[in-house]
Every structure is written in structure tokens, then in C-alpha cells.
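Working notes, structure below.
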Amino acid sequence: LDDTVIINQLKMNKQQHQPPTPQSRRQHYPFAAIIGQEDLKLCLILCAIDPGIGGVLIKGDKGTAKSTAARGIAHLMSHIQVGYDSVKGVLDP
């Protein structure tokens, strides 16, 4: 995958967002500025493109940009409403 194509797709998704809430306006470290952790970044980008993957378990030593990467990609993604389906006992987007 070409990084430019992925970044442009994420930017287009971001432009379709609802206005940011006060909590989402807090400062974040840009996802694109994270150095290294290429496998982690690729997994997060692939999950952003295809939610059917089911998510990513991020595991590692302290200081390896786990939370920074998760917050950075979350800032690029659109916000969705999620409800609880009490019949199935699951979250229902």
C-alpha cells in the first residue's frame, strides 16, 4: 500500500466528521509524526480502513508509543454512534 493513498483516504474520512467535541480538541501527537513502530502503525491503518479485521491488541514495554499511536489514529478516524443491543448483549454501531 502506498502511504500517500492511505493518508489521503484517512484525510477524506476526517473531513466527513462531525464537529469535534471539547474533549477531542485536546492536544495530541500526530500519528504521522511517530517514528518507528512500523508494524503497529500498519495494523492500526489497516483496521481504520477495514473495521472487519476486528481490532488490534497493542502490547509492549513502557515508552514504546502504544497509547500515542492509538490516540493519533483515533484522531484521524470519524466518530460513530454506538448503542447497546440488550437482546444480543453486544455493542451495536
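Positions are given from 1 along the sequence. Both backbone and side-chain heavy atoms feed into the values below; hydrogens, waters and symmetry mates do not.
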Would you mind writing out the side-chain donor-acceptor pairs for residues 55-65 within the sub-3.5 Å range, not counting sequence neighbours?
residue : atom : partner : partner atom : Å
Thr64   : OG1  : Asp61   : O            : 2.7

Per-pair distances, 0.1 Å, donor-acceptor, side chain in residues 44-54, under 3.5 Å, sequence neighbours excluded:
residue : atom : partner : partner atom : Å
Asp50   : OD1  : Gly52   : N            : 3.0

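Atom OH of Tyr29 is separated from atom NE2 of His75 by 14.5 Å, given to the nearest 0.5 angstrom.
Screening Ile73, Thr68, Leu40 for a side chain to side chain contact (heavy atoms under 4.5 Å, CB included) involving Ile34 leaves a single residue, Thr68.
Pairs engaging residues 36-48 under the side-chain hydrogen bond (donor to acceptor under 3.5 Å, both in side chains) rule: Glu38-Lys41 [sequence neighbours left out].
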